[in-house]
Amino acid sequence: MTRRIVIAGNWKMNKTVPEAVELAKAVVAQAAEAPASVDLVVCPTFVCLTEVAKVVAGTRVALGAQDLHWEESGAFTGKISASMLVSAGVKYVIIGHSEQRQFFGETDETVNKKTKQALKHGLLPIVCIGELLSEREAGQTDAVNERQLKGAYAGISAEDAAKTVIAYEPVWAIGTGKVATVEQAQDAQAFIRKVLVELYGSEVAEIIPIQYGGSMKPDNAKGLLAQKDIDGGLIGGAALKAGDFLGIAAGAA
Ligand code: 13P
């Protein structure tokens, strides 16, 4: 089995419902420009999911959400469950984004619970990991990624792990315009794959796509995507313009 290339747009807290519909329509209209080997995903806010679902239905663009809660239902004000996402037409779900970790109390443990819950409901998790600048400067990049990865996948079978996508997002490269060099990204991602081999064996480790995320743009995507262990991108700012998003996907050719 060959590894898929997954290019996902994380729209973060951007776009009203009409704006999200407009952007989704533009992505769908230009989706043919992406190489056939690329899986395209758009991840709007929760409130836009049902409307964007109608736009992408029956196209090659899949729908993703930006988070979920690990419980089935109940008194969890403000939270969204896996079955709600499934009912809205969602296929992928971003879990453990660094903004959730930094600002909203996400831990390796909650990432693990959310990943298990997503898999239980047939959602495909995009599990985000990555080091802070201070951790990179202290020489802890690999150790941080190993800890976050092992935390996220604790108790998850190889069969389930094979359904996931990993996003390596060095926190210092997110929204800063400071993209990791191809060597920095490839080195970190090769190490992540090595940890996956340790956890699940090489067959499963070889089929899990590892995305790069952090200031990815059409002009730097090609070099990153040419690396052996970079199997797509999780795109923030550049995903808010259909042309830039598809320009990044074109870099996977
Ligand atoms: P930017 O592409 O804006 O740096 O954001 C990356 C990211 O956090 C995607 O999840």
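Computation of the quantities below employed the complete heavy-atom set of this structure, encompassing side-chain atoms and omitting hydrogens, waters and symmetry-equivalent molecules. Just follow the structure's listing: the first ligand is 1, and inside any ligand the first atom is 1.
- Under 3.5 Å, the side chains of Gln117 and Glu72 contain a donor-acceptor pair of N or O atoms.
- Near Asn10, meaning under 4.0 Å from any of its heavy atoms, are these atoms of ligand 1: 9 (C), 10 (O).
- By the 4.5 Å heavy-atom criterion applied to side chains, Gln189 and Ile166 are not counted as neighbours.
- Residue contact check: Gly237 has heavy atoms under 4.0 Å from atoms 1 (P), 2 (O), 3 (O) of ligand 1.
- Distances between N or O atoms of Lys217 and those of ligand 1 include no value under 3.5 Å.
- Between Tyr200 and Tyr153, the two ring planes are perpendicular [angle over 60°; tilted spans 30° to 60°].
- Protein heavy atom at the shortest distance from atom 9 (C) of ligand 1 is Glu169 OE2, 2.9 Å.
- Proximity of Leu234 to ligand 1, defined as any heavy-atom pair under 4.0 Å, is shared by backbone and side chain alike.
- Side chain of Gln211 to backbone of Val6: a donor-acceptor contact under 3.5 angstrom is found.
- Counted by atom type alone, His97 and Glu106 present zero donor-acceptor pairs between their side chains at under 3.5 Å.
- Tyr168 and Glu131 are linked by a side-chain donor-acceptor pair at a separation below 3.5 angstrom, with hydrogens and angles left out of the test.
- Residue contacts with ligand 1 for Ala238 are absent, since no atom lies close enough (heavy atoms, distance under 4.0 Å).
- A salt bridge links Glu51 with Lys54; the closest basic N to acidic carboxylate O contact falls under 4.0 Å.
- In the vicinity of Gly236, heavy-atom distances shorter than 4.0 Å reach the ligand 1 atoms 1 (P), 2 (O), 3 (O), 5 (O), 6 (C), 9 (C).
- Ranked by closest heavy atom to atom 5 (O) of ligand 1, the top entry among Lys12, Met216, Gln211 is Lys12.
- Remark: ligand 1 atoms within the under-4.0 Å shell around heavy atoms of Gly214 are 4 (O), 6 (C).
- Atom NZ of Lys163 has more than 12 neighbouring heavy atoms from other residues, nucleotides or ligands inside a 6.0 Å radius.
- For ligand 1, the polar-atom distance check finds an N/O of Gly175 within less than 3.5 Å of one of the ligand's N/O atoms.
- Close contacts of ligand 1 with Ala173, meaning ligand atoms under 4.0 Å from a residue heavy atom, involve 4 (O).
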